Amino acid sequence: MLINPVEKDQKRIRELELATGETISDCYQCGKCTAGCPASMDTPPSVIIQYLKLGQFDLAKNAESIWSCMACLTCSERCPKNVSPAAIIEGLKNLHLRDMDPRVSLETMDRDFLARQPQMAIISGFRKFI
Amino acid sequence: MTKCTEDNKPIMVGDRTIPPPDARYITISIMGQPYEVPETLTILKAMEFVGYQFKRGCGCRGGICGACGTFYRIEGDHTLQTGLACQTVVEPGMILAQIPFFPSNRASELDLETKMSADEQIATMYPEIFRCVGCGTCTRTCPMDIDVMGYIAHFKRGDIMGGAEQSFDCIMCGLCAARCPANISQFNVAMTARRIASARLTPKSECTTARAEQVRSGRYEPMLAELCEMSKEDLKTLYVEREREPDLSKPGEWMPEDQTKL
Amino acid sequence: MSDKPARIPYYPGCTMKTKALGFERSAMDCAEIIGFEMDELKDWNCCGASYPLTKDNLMGLTAPTNILVEAERRCQKEEVDPNLITLCVFCYNTLKRTEFAFGQDKKKLETVNAFLDRKYEGSIRVVHYIEYLRDVIGFDNLAKMVKTDMSKYKVAPYYGCLLLKPKKEIGLDDPEDPVILHDFLDALGCKVIDFPAQVDCCGSYLVMREPKKVSKLSYDILADANEYGAETLVTACPLCQSNLDNSQGDKVQFADLDGMPVLYFTQLLAVAFGLDTKTHQLEEHHIDPRPLFEANGSDSESK
């Protein structure tokens, strides 16, 4: 099945590349990122990038798995083409966050849980999820 | 514009200024409308000069109640500036908007009996402080020159007392919260922190507690009753002939001869 | 060589003053023995605990820049080397990557300076405490200061992610096969347990949304260390410590694993120096390390 990138998606992919500083077309799908990723993603990093390469922007952007990235940077370190899937995933997350679509609600967060966490977990968590 | 009599004398309405005959007039824009006002007036007085009336909530006129927070730009300068209307003098080309009220976030309950530590209490009441990006916009906005980002930083790292002290000059004008990209209502966090600091962190004043106990026990009732029975003349005499501690005595150095009322 | 200990500007980070207070205290007590002083910056703010991974995000650099400006001002005023020492790995990573970014891109530095209305010149070198021990003190010299017999301790060095990655910007050690904590433990005289999961991620901030996943990741790391014979782990990151330690409260996930204490490397160093560890918050750990210290010896008399 051949999937042609629609012009609208081409534009969004280009904008994502500018925002993240990454070149998605460099990826040649070796799969080292997925192999090293600890997040057990349903849509792993190499698949996210493949969606983007094939112009399926929404499939990448709306993948629930991007929210499981823990920025361990194993993917970026191991990529033989110096692509950073972590950066691309963060770029996709930012599209949601900058559109007022957060993944954590301050209001419903369990207060006892909050009190127990080290501040760095809360601070970095809020950066990634709100 | 300014109401005048036929021979061009401005009509006094309430608090309105009467400018001197040689006053220089400048053009400012209030809520989008241009006006000519005497150049020496504060924003507050300038607004009243042109006919605005401050009917409720505004204010102390002394820079301490925080009701007159104002945003303004000077024509030709892109910077957004802030000030208190009662303290800031108008400038030529000033374009201003008043912020009489800003919807801020305030946590609903302050439990002073909680088992949580003070820093955990602030963290759970206002978790949004952890969204602070350290941009410093709040500090640059504050008309009281408080390091707002600084005190939020204190709260983030658990130093509630330090942050409470640093926020002391806050007049709750709300201008910081208006500009915060992380949607923090800094002044409410600080107020809560000051309350927690006073209730839970500052050392208790033993002598105050002891004195309050003495009052509650009725120790001073007989003395007050005695005073109430006295005639006006006797009270006057008592006052004039009272024993007084000499100026600049060191603590504990002087005691009155009649110590029955101590 | 002056008699006064070297005073190095120190950036603690938010967690260090509350949940990781034991880390700081043990680090400072050990620094005193080693011969340097961690001189906390006077005015500091949170670093943000997160280096922005996308190039378009400059807001993530504002907080680290404030800190670097403060450190630079201090170093210039006191005419000392422009070093900033850190303990928390998140802070280290955020500040170090900011240092690198500004080194590469002067325009970025100018933009952030203009926004903050400050003039950071880019002089500060961010250093981690363990880096200082390796490069300035030397692990050989460290070994000479050890007073306790640590040979009974079977310790696994757990590196986590942010101490080492990205290699190009952090440059502390190899992310796939690091040795710095191994060498540190060697210097103390412990039995060093090398184990494969030592560079696996503990789950980091995912604990805010998916604590079960963090539990699983922590289990994988601890079970691996256990399989290779470790009785305790050392780490440099308060979040790793929190995740690995507190996850062990999940009795379902950890059904087949006895409690394994997770220590900050400076807490173990304090034991090696024979110091009093009462203020090092050992009692705050979920899995109490004190029975281990009792069993293996923790005072200088034992050497």
Side-chain angles (χ1 to χ4, degrees), chain A residues 15-22 32 36-41 64-65 67-79 82 84-95 97-98 102-106 109-110 113-130, chain C residues 13-20 46-57 59-60 63 88-91 93-94 160-162 164-170 174-176 197 199-211 213-214 216-217 220-221 237-243 246:
Chain A
E15 278 170 8
L16 184 68
E17 285 186 320
L18 283 173
T20 57
E22 298 295 316
K32 278 180 86 173
C37 177
S40 332
M41 294 186 182
E64 200 48 42
S65 301
W67 301 101
S68 294
C69 173
M70 52 193 92
C72 73
L73 302 179
T74 306
C75 52
S76 325
E77 283 299 290
R78 291 186 181 172
C79 177
N82 287 325
S84 173
I88 293 167
I89 285 171
E90 181 150 305
L92 291 170
K93 289 197 283 194
N94 281 345
L95 291 174
L97 301 180
R98 290 172 186 177
R103 283 297 180 277
V104 156
S105 160
L106 291 183
M109 204 158 208
D110 181 57
F113 176 78
L114 255 183
R116 281 198 309 268
Q117 289 305 318
Q119 285 96 313
M120 55 206 284
I122 305 173
I123 294 164
S124 55
F126 283 179
R127 290 270 177 128
K128 304 289 183 183
F129 296 129
I130 301 180
Chain C
C14 302
T15 312
M16 208 56 69
K17 296 299 184 185
T18 50
K19 299 281 190 292
C46 168
C47 69
S50 199
Y51 184 77
L53 298 180
T54 58
K55 294 270 184 312
D56 68 344
N57 184 353
M59 200 58 131
C88 168
V89 164
F90 264 64
C91 301
N93 188 279
T94 307
C161 304
L162 297 187
L164 306 169
K165 288 178 272 201
K167 182 175 181 187
K168 210 165 63 151
E169 300 176 32
I170 306 294
D174 183 50
E176 301 287 355
V199 288
D200 285 359
C201 184
C202 69
S204 185
Y205 55 78
L206 219 55
V207 70
M208 299 297 287
R209 261 190 108 222
E210 295 182 76
K213 213 172 231 179
V214 168
K216 171 79 172 61
L217 290 167
D220 288 341
I221 293 162
C237 174
L239 187 48
C240 294
Q241 200 283 332
S242 171
N243 282 345
N246 292 319

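Owing to the predicted nature of the structure, the values given are computational and were not obtained by experimental measurement. The basis for the numbers below is simple: all heavy atoms, side chains too, and nothing from hydrogens, waters or symmetry mates. So you know, we letter chains A, B, ... as the sequences are listed, proteins then strands, and number each from 1.
- Contact check for A:Leu18 versus C:Asp56: no side-chain heavy atoms found under the 4.5 Å cut-off.
- Neither the backbone nor the side chain of A:Ile89 comes within contact range of chain C; no heavy atom of the residue lies under 4.5 Å from a heavy atom of that chain.
- Interface remark: C:Glu176 contributes side-chain atoms only to the contact with chain A (heavy atom separation under 4.5 Å).
- C:Thr15 places a side-chain N or O within donor-acceptor distance of the main-chain N or O of A:Met120, the cut-off being under 3.5 Å.
- Chain C forms the most heavy-atom pairs under 4.5 Å with one residue out of A:Arg116, A:Glu77, A:Gln117, A:Arg103, and that residue is A:Glu77.
- Interface check for chain A: of the options C:Leu239, C:Asp220, C:Val214, the most heavy-atom pairs under 4.5 Å are formed by C:Leu239.
- Counting heavy atoms from C-beta outward, A:Phe126 and C:Met208 have side chains that approach closer than 4.5 Å.
- Interface summary for chain C: among A:Ser68, A:Cys69, A:Gly21, the most heavy-atom pairs under 4.5 angstrom belong to A:Ser68.
- Shortest non-hydrogen contact noted between A:Leu97 and A:Ile130 is CD2-C, 3.5 Å.
- Residues meeting the salt bridge (Lys or Arg N to Asp or Glu O under 4.0 Å) test with A:Glu22, sequence neighbours left out: none.
- When heavy atoms are compared at a cutoff of 4.5 Å, C:Lys213 approaches chain A solely by way of its side chain, counted from C-beta outward.
- Ranked by heavy-atom pairs shorter than 4.5 Å toward chain C, the options A:Ala39, A:Pro118, A:Ala19, A:Gly125 are led by A:Ala19.
- Side chain of C:Lys19 to backbone of A:Gln119: no donor-acceptor contact under 3.5 angstrom is found.
- Of the two parts of A:Asp110, neither the backbone nor the side chain holds a non-hydrogen atom closer than 4.5 Å to a non-hydrogen atom of chain C.
- For A:Ser84, no part lies near chain C; criterion is any non-hydrogen pair under 4.5 Å.
- A:Phe129 places a side-chain heavy atom less than 4.5 Å from the side chain of C:Leu206.
- Of the listed residues (C:Gly13, C:Gly203, C:Ser204, C:Gly160), the greatest number of heavy-atom pairs within a distance under 4.5 Å of chain A belongs to C:Gly203.
- Contact count against chain A (heavy-atom pairs under 4.5 Å) is highest for C:Gly48 among C:Ala20, C:Cys201, C:Pro175, C:Gly48.
- Of the two parts of C:Cys88, only the side chain, counted from C-beta on, holds a non-hydrogen atom closer than 4.5 Å to a non-hydrogen atom of chain A.
- Checked against side chain to side chain contact (heavy atoms under 4.5 Å, CB included), C:Leu217 has the following partners two or more places apart in sequence or in another chain: A:Pro38, A:Met70.
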